[in-house]
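Reviewing the structure listed below.
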Amino acid sequence: HSVAVLGAPFSKGQKRGGVENGPKAIRDAGLIERLSHLDYPVHDFGDLSFQHLEKDEPYMHVPFPRTVGRANKLLSGAVSNAVGAGHTTIMLGGDHSLAIGSVEGHAKQRPDLCLIWVDAHADINTPFTSPSGNLHGQSVAFMLKELQNKMPELPGFSWVKPFLSAKDLVYIGLRDVDPGEYDILKDLGVQYFTMRDIDRLGIQRVMEVTFDHLLSRKQRPIHLSFDIDAMDPSLAPATGTPVNGGLTYREGIWITEEIHNTGLLSVMDLVEVNPDLGASREAVESTASMAVDVIASALGQTREGGPITQESQT
Ligand SMILES: N[C@@H](CC/C=C/[B-](O)(O)O)C(=O)O
Ligand SMILES: [Mn+2]
Ligand SMILES: [Mn+2]
């Protein structure tokens, strides 16, 4: 099958300028060229253009709700079309509020999808539990059926009907979870692996348990929502909410190689690359290059040159 690349230059899910330049930074790091070496056609759909609404007062302490809601409605349609056309779709962010549109649009085509959220953060605050009000820290709360009665009617989001069950979600890389998020994760029994869990179990076991949890009853499409801040800040410094003690390069690439090997990857988000936040040009380039490596390995690029075969895994 073919690959579609879709840029989403958007930043209003949080307050730090520059993340809207993420798609360009990732492209400038050679994404399309790298994907051209893989064995299927790549269609670059370019970048979506988002309207910034003039009147968009905060709701409670949540900034730009209508702008974020509108952007995600547009993105949902674009992702739905790309998946419907048979493409494995790569969405380049932009901040992580874009996952609302990306996963919702994917679920319109593949309602049986499961979601693997690789991130230092859980992004599962409601407007009531959020310490910042920033919607990039609330994305998952809009998706979950079990949180429907905990969510207010946010202006701009009436089009979003919760579509995901807590059992269809797994987190990998958590290390900065707010108290309200912790309560939600525990109440809903969400399967998650913190960085401590990864140190205890090792990344191979984490992926085995993840796939057993999500795929053992039946194989189904995977939505991988990869926040670049899951990686250790030494590897991805140019991002809005860096947290020490992140994934090593090899852990990050193990995750994406294993997801590729399921043959079930359908949509991948790569978000939160903010080229304005790198302390140097090298810092920006290493962050964007990390993003390209993560995407390329999720799409089949291997470290041993050819396809990863059974014997090479022994
Ligand atoms: N939990 C914090 C941080 C949110 C982080 C969002 B990110 O994972 O998309 O970077 C908040 O809700 O403000
Ligand atoms: Mn995130
Ligand atoms: Mn994050």
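These numbers come from the heavy atoms of this one structure, side chains and all, not from hydrogens, waters or symmetry mates. Nothing here was measured: the structure is a model prediction, and the numbers come from that model. Both counts, for ligands and for their atoms, begin at 1 and track the order of listing.
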Check: Does a side-chain N-to-carboxylate-O contact under 4.0 Å join Asp197 and Arg200?
Finding: yes
Item checked: Residues Arg27, Asp44: salt bridge by 4.0 Å N-O rule -> yes
Margin query: Using the salt bridge (charged side-chain N to carboxylate O under 4.0 Å, His left out) criterion, which residues pair with Arg110? Sequence neighbours excluded.
Written below: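 For Arg110, no residue satisfies salt bridge (charged side-chain N to carboxylate O under 4.0 Å, His left out) once neighbours in sequence are set aside.
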Checklist line | Environment of the Mn ion (ligand 3) in terms of protein N/O/S atoms, cut-off under 2.8 Å | finding: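 Checking every protein N, O and S atom gives Asp119 OD1, His121 ND1, Asp227 OD2, Asp229 OD1, Asp229 OD2.
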Next item on the list: Only counting residues at least two apart or in another chain, list the ones meeting side chain to side chain contact (heavy atoms under 4.5 Å, CB included) with Ser158.
Entry: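 With neighbours one apart ignored, the set is empty.
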Next item on the list: Look at atom OH of Tyr182 and say whether more than 12 heavy atoms of other residues, nucleotides or ligands are closer to it than 6.0 Å.
Entry: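 Check fails, neighbour count at 12 or below.
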Would you mind writing out a table of all protein N or O atoms found under 3.5 Å from any N or O atom of ligand 1, naming both atoms and giving the distance to 0.1 Å?
from: ligand 1; atom 1: 1 (N); to: Asp178; atom 2: OD2; distance (Å): 2.7
from: ligand 1; atom 1: 8 (O); to: Asp119; atom 2: OD1; distance (Å): 3.2
from: ligand 1; atom 1: 8 (O); to: Asp119; atom 2: OD2; distance (Å): 3.2
from: ligand 1; atom 1: 8 (O); to: His121; atom 2: ND1; distance (Å): 3.1
from: ligand 1; atom 1: 8 (O); to: Asp123; atom 2: OD1; distance (Å): 2.7
from: ligand 1; atom 1: 8 (O); to: Asp123; atom 2: OD2; distance (Å): 3.1
from: ligand 1; atom 1: 8 (O); to: Asp227; atom 2: OD2; distance (Å): 2.9
from: ligand 1; atom 1: 9 (O); to: Asp123; atom 2: OD2; distance (Å): 3.2
from: ligand 1; atom 1: 9 (O); to: His136; atom 2: O; distance (Å): 3.3
from: ligand 1; atom 1: 9 (O); to: Asp227; atom 2: OD2; distance (Å): 3.1
from: ligand 1; atom 1: 9 (O); to: Glu272; atom 2: OE2; distance (Å): 3.2
from: ligand 1; atom 1: 10 (O); to: Asp227; atom 2: OD2; distance (Å): 3.2
from: ligand 1; atom 1: 10 (O); to: Asp229; atom 2: OD2; distance (Å): 3.0
from: ligand 1; atom 1: 10 (O); to: Thr241; atom 2: OG1; distance (Å): 2.9
from: ligand 1; atom 1: 12 (O); to: Asn125; atom 2: ND2; distance (Å): 3.0
from: ligand 1; atom 1: 13 (O); to: Ser132; atom 2: OG; distance (Å): 2.6

Are the side chain of [X] and the backbone of [Y] linked by a donor-acceptor contact shorter than 3.5 Å?
{"X": "Asp227", "Y": "Asp229", "answer": "yes"}
{"X": "Glu20", "Y": "Gly18", "answer": "yes"}
{"X": "Thr287", "Y": "Ala238", "answer": "yes"}

Margin query: With side chain to side chain contact (heavy atoms under 4.5 Å, CB included) as the criterion, how do Ile222 and Leu214 come out once you've worked through the C-alpha distance, each side chain's angles and the decisive distance to 0.1 Å?
Written below: CA-CA 9 Å; Ile222 293 173; Leu214 292 173; over 6 Å; no
